[in-house]
Chemist: 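Quick one: the structure is below, and I'll ask about it shortly.
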Amino acid sequence: MRIFKFGGASVKDASAVRNVLNVLQTTGIEDLGIVVSAMGKTTNALEVIIATYQDNNASYLSLIDDLYNQHLKIIEDLEVPVPGMEDLWLSRFRESGIKKDIKAIIESLKGEMLRNQSKNYSFLYDQVVCHGELLSTKIVAAFMNACGIPTVWKDARQLIKTDHKYRDAGVDWKKSGKLISQSCQGQLFITQGFIGSDDNGFTTTLGREGSDYTAAILAYCLNAKNVTIWKDVPGVLNADPRVFKNTVLLNKMPYNEAIELAFYGASVIHPKTLQPLQGKKIPLYVKSFINPTKEGTVITSVETIEPLIPCYIVRKEMVFLKISSRDFSFIGENNISDIFQELSVHKMQVGLLQNSAISFSICVEDKYHKINELVNDLESRYKVSYVEDVSLYTVRHYDGDSVEMIESDKKVLLKQRAQETLQLIVKE
């Protein structure tokens with residue numbers, strides 16, 4: 001079996017949904033399972049709905065209606081004749097009952113929020129945002145069936161069982177494996193990315209890159225031949241084209257290399273997606289839904305990336321801190337443990353660290369704008385200096401030219417060099 005995953009950009013509107021049909025017609029539908037994310041920016045819209053609801057603002061109901069109308073428009077656009085769409089397909093789609101299905105999902109969402117008694121934001125979040133994936137998969141499944149691709153819709157909450165850690169649930173592999181193998185063999189199915197359920201039947205979500213992770217879970221449990229993640233880029237590039245010029249497509253990549261790049265901040269594939277696939281040596285393809293016949297990138301059991309060239313990662317708007325003792329004593333294990341406890345309390349994500357006998361330097365992402373609180377707390381015990389708005393560059397497989405390119409026209413605050421990896425904190 002093969003597993004395909006289509007993200008939000010690949011199903012953002014009617015044209016994109018039609019393109020999914022084109023991808024399936026091009027690649028074939030034999031032994032296929034499909035994972036689909038919420039359409040476009042639907043998850044963002046649902047997060048706004050939650051925030052409005054928590055502000056005791058009844059306009060959240062109007063925002064839900066807006067969400068319904070956005071999906072209704074996609075359905076109505078799919079009913080419009082365009083080249084390549086047969087009249088019979090359009091007739092079947094109009095008669096599929098999909099409008100009634102999405103109306104029922106929207107009413108379920110409203111009911112969920114009206115009945116809610118929980119003060120736990122993470123719990124509420126999971127019960128609400130799952131409706132984005134339910135809407136998208138219902139629409140895509142109805143369209144595929146109308147166009148002659150028989151597709152069975154599956155509720156991922158009946159397939160993937162998790163613990164009770166809402167917004168970042170852990171998978172119960174034994175229960176999930178049994179349910180998936182019983183329910184998904186021998187048929188073309190479509191299901192939701194990102195979501196599962198706990199033992200009480202409440203919806204859970206799988207955290208960052210959850211839809212990719214869903215594809216990996218299904219592949220692992222079904223012993224899939226491969227997984228393909230369809231994106232709007234030709235594959236995995238050696239750098240972000242929005243930041244670097246003349247990027248190069250990486251044709252092949254070892255699992256460990258992809259995990260390393262993700263660890264340093266590259267938007268490749270999250271390690272939790274790669275680890276199950278690596279465990280069973282299931283290849284992961286990253287391909288373009290715009291050009292589905294192109295080979296893209298394969299992440300698999302190879303020795304090194306191909307071609308072997310420098311890979312660049314940049315994380316901007318970071319904060320560089322230098323921490324030292326007030327009495328000129330050494331910075332030892334107890335001090336480092338104390339500092340990391342403060343970093344955890346203030347939800348700082350660490351990008352780079354370096355310690356000497358009398359100081360501890362660290363580059364962090366201040367996602368929740370708590371840097372002043374962190375510094376105030378640390379200054380009760382240490383001397384602290386810091387620089388805001390720095391950039392952290394990481395270069396895998398660096399060479400002289402790549403180092404020179406990064407350092408030119410920048411003030412280097414800290415450089416850390418290992419055999420395969422160079423990291424620099426710079427002020428641009």
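Residues: numbered from 1 along the sequence shown.
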Chemist: Suppose we call two aromatic rings close when their centres sit under 6.0 Å apart. Are Phe123 and Phe202 close by that rule?
Modeler: yes
Chemist: Should Lys161 and Asp198 count as an ion pair when the cut-off is N to O under 4.0 Å?
Modeler: no
Chemist: Is it true that Trp230 and Phe4 have ring centroids separated by less than 6.0 Å?
Modeler: yes
Chemist: For Asp126 and Arg167, what are the C-alpha separation, side-chain angles and deciding distance, and is it a salt bridge (charged side-chain N to carboxylate O under 4.0 Å, His left out)?
Modeler: CA-CA 6 Å; Asp126 284 3; Arg167 298 195 70 191; 5.2 Å; no
Chemist: Side chain to side chain contact (heavy atoms under 4.5 Å, CB included), that's the test. Do Ser361 and Phe320 meet it? Break it down for me.
Modeler: CA-CA 7 Å; Ser361 299; Phe320 178 50; 3.8 Å; yes
Chemist: Taking side chain as C-beta onward, heavy atoms only, is Val345 less than 4.5 Å from Asp377?
Modeler: no
Chemist: Is any side-chain N of the basic residue among Asp77 and Lys73 closer than 4.0 Å to the acidic one's carboxylate O?
Modeler: yes
Chemist: For Asp389 and Lys316: C-alpha separation, side-chain torsions, deciding distance, then whether salt bridge (charged side-chain N to carboxylate O under 4.0 Å, His left out) applies.
Modeler: CA-CA 7 Å; Asp389 197 25; Lys316 294 184 177 290; over 6 Å; no
Chemist: Looking at OG of Ser324 and CG of Asp327, how far apart are the two atoms once the value is rounded to the nearest 0.5 Å?
Modeler: 10.0 Å
Chemist: One thing to verify: whether Arg381 and Glu342 come together as a salt bridge, which I'm taking to mean a side-chain N less than 4.0 angstrom from a carboxylate O.
Modeler: yes
Chemist: Let me see the working for Lys165 and Asp163 under salt bridge (charged side-chain N to carboxylate O under 4.0 Å, His left out), right down to the final yes or no.
Modeler: CA-CA 6 Å; Lys165 190 178 180 183; Asp163 59 21; over 6 Å; no
Chemist: Please determine whether a side-chain nitrogen of the Lys or Arg among Glu365 and Arg315 lies less than 4.0 Å from a carboxylate oxygen of the Asp or Glu.
Modeler: yes
Chemist: As an exercise, state the distance from CD1 of Ile269 to OG1 of Thr273, rounded to the nearest 0.5 Å.
Modeler: 6.5 Å
Chemist: Can Glu407 and Lys415 be counted as an ion pair, charged N to O under 4.0 angstrom?
Modeler: yes
Chemist: Do Gln54 and Leu124 have side-chain heavy atoms sitting under 4.5 Å apart?
Modeler: yes
Chemist: Test side chain to side chain contact (heavy atoms under 4.5 Å, CB included) on Ile34 and Ile3 and set out the steps.
Modeler: CA-CA 6 Å; Ile34 303 170; Ile3 303 296; over 6 Å; no
Chemist: Without swapping roles, check the side chain of Thr137 against the backbone of Leu134 for a donor-acceptor pair under 3.5 Å.
Modeler: yes
Chemist: Nearest 0.5 angstrom please: Leu352 CG to Gln423 CD, how far?
Modeler: 4.5 Å
Chemist: Apply side chain to side chain contact (heavy atoms under 4.5 Å, CB included) to Asn22 and Val20, showing your working.
Modeler: CA-CA 5 Å; Asn22 174 62; Val20 171; over 6 Å; no
Chemist: Quick one, Asp13 with Val17, criterion side chain to side chain contact (heavy atoms under 4.5 Å, CB included). Give me CA distance, side-chain angles, the key distance, then yes/no.
Modeler: CA-CA 6 Å; Asp13 54 26; Val17 174; over 6 Å; no
Chemist: Does this structure show an ion pair linking Glu209 with Lys272, if we count only N-O contacts that are shorter than 4.0 Å?
Modeler: no
Chemist: Does Lys411 form a salt bridge (charged side-chain N to carboxylate O under 4.0 Å, His left out) with Glu428? I'd like the steps, not just the answer.
Modeler: CA-CA 7 Å; Lys411 180 181 179 181; Glu428 300 188 82; over 6 Å; no
Chemist: Tell me whether the count of non-hydrogen atoms from other residues, nucleotides or ligands lying under 6.0 Å of OH in Tyr60 goes above 12.
Modeler: yes
Chemist: Would you verify whether the NZ or CZ of Lys103 falls within 45 degrees of the ring axis of Tyr68 while also being under 6.0 Å from that six-membered ring's centre?
Modeler: yes
